[in-house]
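Below is one structure, written out as structure tokens, with a few remarks after it.
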Amino acid sequence: MKAQPPASHFIDGEYVEDTAGTPFDSIYPATGEVIARLHAATPAIVEKAIAAAKRAQGEWAALSPMARGRILKRAAEIMRERNRELSELETLDTGKPIQETIVADPTSGADAFEFFGGVAAAALNGDYIPLGGDFAFTKRVPLGVCVGIGAWNYPQQIACWKGAPALVAGNAMVFKPSENTPLGALKIAEILIEAGLPKGLYNVIQGDRTTGPLLVNHKDVAKVSLTGSVETGKKVAGAAASSLKHVTMELGGKSPLIVFDDADLESAIGGAMLGNFYSTGQVCSNGTRVFVQKGIRDRFLSRLKERTEKIVIGDPMDEATQLGPMVSRAQLDKVFSYIERGKAEGATLLTGGGIPNNVSAEGTYIQPTVFADVTDEMTICREEIFGPVMCVLDFDNEEEVIARANGTEFGLSAGVFTSDLTRAHRVVDQLEAGTLWINTYNLAPVEVPFGGSKQSGFGRENSLAALNHYTELKSVYVAMGKVEAPY
Ligand code: NAD
């Protein structure tokens, strides 16, 4: 299988190569095959991308929001027309099963272009402020050149979630995908050109943690939006602070999912499984600490085990496959080391924990894994694993579970399953998280703000709220009379 793009980078409307950059391979996680060979960006490539973005941005910002929006809506249509092709590429890039990518990846990227393209004409207005004769008005203006840096779990979605609001607000973007998943963003850049986006406004450059700082520290960059780990977030936010750049931080989590005795059991188990095993557990908002009230604990665990052991693991290109490999060998090793830690610290391995026996030995597969009898202080309960490993904890009452759910430095997401409506609202009010669900888990439609609190980040993606993070306000005071000076 090959997925070699014409060149490593996409700058100023075309593919560009610079073989002086460090070569790296793109690997299909299901088989270990090299599917593309690319080069990390050299400083010259970084300069070229930022210069192209800077050059193109002014004219783009001068267009009406409606004209900009029209191009984004066309990009959404092209993405939907090519959903199969883009989904297959996403599967090659990440190893995620086609059953998922076909409904969740290019489609959610297309949703972002459609949403921001559609709202553009009405959402970038300013205010009129009457001052008794005099008045003021505000204008919402773009920031300039914005940098997007992506994680490897949703490469096409991340490229679009950052690109769509940035572009519609009149900015230009230089996007760096994760070195693990370099392919999808290049296709998004191609599609934007085909949809009519002027050259230079959406550029993609490759590279790793050594390339990112060249972008973050660049004097012509106004904003950085990162999706990544808390550790990286601290470095990027710190570097951006030294030149007072705007930042959006979409970081990691260890989110609580609380199941009360009165919950619909099958729905709660379904929510917990989706919130731990979808995308082979590589989802930032996963509800990896599943608190189950003691009255339903045994029934919950026995049905969870039964349903988990039926998950179909296999070739990601087979539409029947429900769980693919981890993105890389390094990530797989990390997840196995957490599983060993869980066992050593006394958690009960309910199911999984090993390598499935029906898959290629070269693939980076792991069984969906559930630990029961997990306690708050165990490492697997405190640290983000970023793999298909669910921790189930028991609890007695509401007050106790809220305190324990909040006992973490993270604050990305949280969920509650109960049939008591007032309790559901009372609990979500007290949970410290940016994105919360009642009686479901992990749905993130573009209409709803998405993002974290505490160390899971700041700023929001999606919804009208995202536009605030890609624009700033200009306030204009208009005097209607003469200036009265005391001197
Ligand atoms: P990572 O932090 O290792 O890397 C993220 C990106 O940052 C990569 O493109 C990487 O090359 C780049 N990078 C690394 N160091 C950098 C530096 N010093 N300066 C600039 N760029 C740098 O994360 P990952 O392993 O790719 O992704 C997994 C993490 O992302 C998890 O913690 C997960 O929770 C988080 N995540 C968060 C969200 C969200 O929306 N909140 C979504 C997906 C993933």
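When a residue number appears, it is its place in the shown sequence, counting from 1. Start at 1 and go down the list; that is how both ligands and their atoms are numbered.
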Region of Thr227 that comes within reach of ligand 1 [heavy atoms, distance under 4.0 Å]: both
Set of ring-ring contact (aromatic ring centres under 6.0 Å, His included) partners for Phe458, sequence neighbours left out: none
Sub-4.0 Å atoms of ligand 1 with respect to non-hydrogen atoms of Gly252: 32 (O), 34 (O)
N or O contact, Thr232 vs ligand 1, cut-off under 3.5 Å: yes
Shortest heavy-atom approach to atom 20 (C) of ligand 1 - which of Pro182, Gly212, Ser413: Gly212
Flag for Asp315-Thr321: side-chain donor and acceptor within less than 3.5 Å: no
Selection from Ala151, Gly150, Ala239 by shortest heavy-atom distance to atom 8 (C) of ligand 1: Gly150
Contact partition for Glu231 relative to ligand 1, non-hydrogen atoms under 4.0 Å: neither
Options Arg209, Glu461, Glu384, ranked by nearest heavy atom to atom 32 (O) of ligand 1, top entry: Glu384
Residues Arg341 and Glu383 bridged, charged N to O under 4.0 Å: no
Sub-3.5 Å N/O-N/O distance, Lys176 and ligand 1: yes
Side chain, backbone, both or neither: Leu251 near ligand 1, heavy atoms under 4.0 Å: backbone
Distance filter under 4.0 Å to Ile149 heavy atoms, resulting ligand 1 atoms: 6 (C), 7 (O), 9 (O), 12 (C), 20 (C), 21 (N)
Side chain Asn203, main chain Ile11, donor-acceptor under 3.5 Å: no
N or O contact, Gly228 vs ligand 1, cut-off under 3.5 Å: yes
Lys162 side chain vs Val224 backbone, donor-acceptor pair below 3.5 Å: no
Heteroatom distance test (Asn153, ligand 1): nitrogen or oxygen, under 3.5 angstrom: no
Per-residue contact class, Val283 against ligand 1 - non-hydrogen pairs under 4.0 Å: neither
Leu167 backbone acceptor or donor facing Trp60 side chain under 3.5 Å: yes
Atom 36 (N) of ligand 1: the protein heavy-atom neighbour that sits closest, reported with distance to 0.1 Å: Cys284 CB, 3.4 Å
Check: Ile380 main-chain N/O paired with Lys254 side-chain donor or acceptor under 3.5 Å: yes
Glu14/Lys48 ion pair, N-O < 4.0 Å: no
Side-chain donor or acceptor of Asp93 paired with backbone N/O of Leu183 under 3.5 Å: yes
Under 3.5 Å: donor-acceptor pair, side chain of Glu100, backbone of Ser279: yes
Test of proximity, Ser456 against ligand 1: N or O pairs below 3.5 Å: no
Side chain, backbone, both or neither: the part of Phe386 lying under 4.0 Å from ligand 1 by heavy atom: side chain
Which residue and heavy atom of the protein sit nearest atom 25 (O) of ligand 1, plus the separation: Trp152 NE1, 2.9 Å
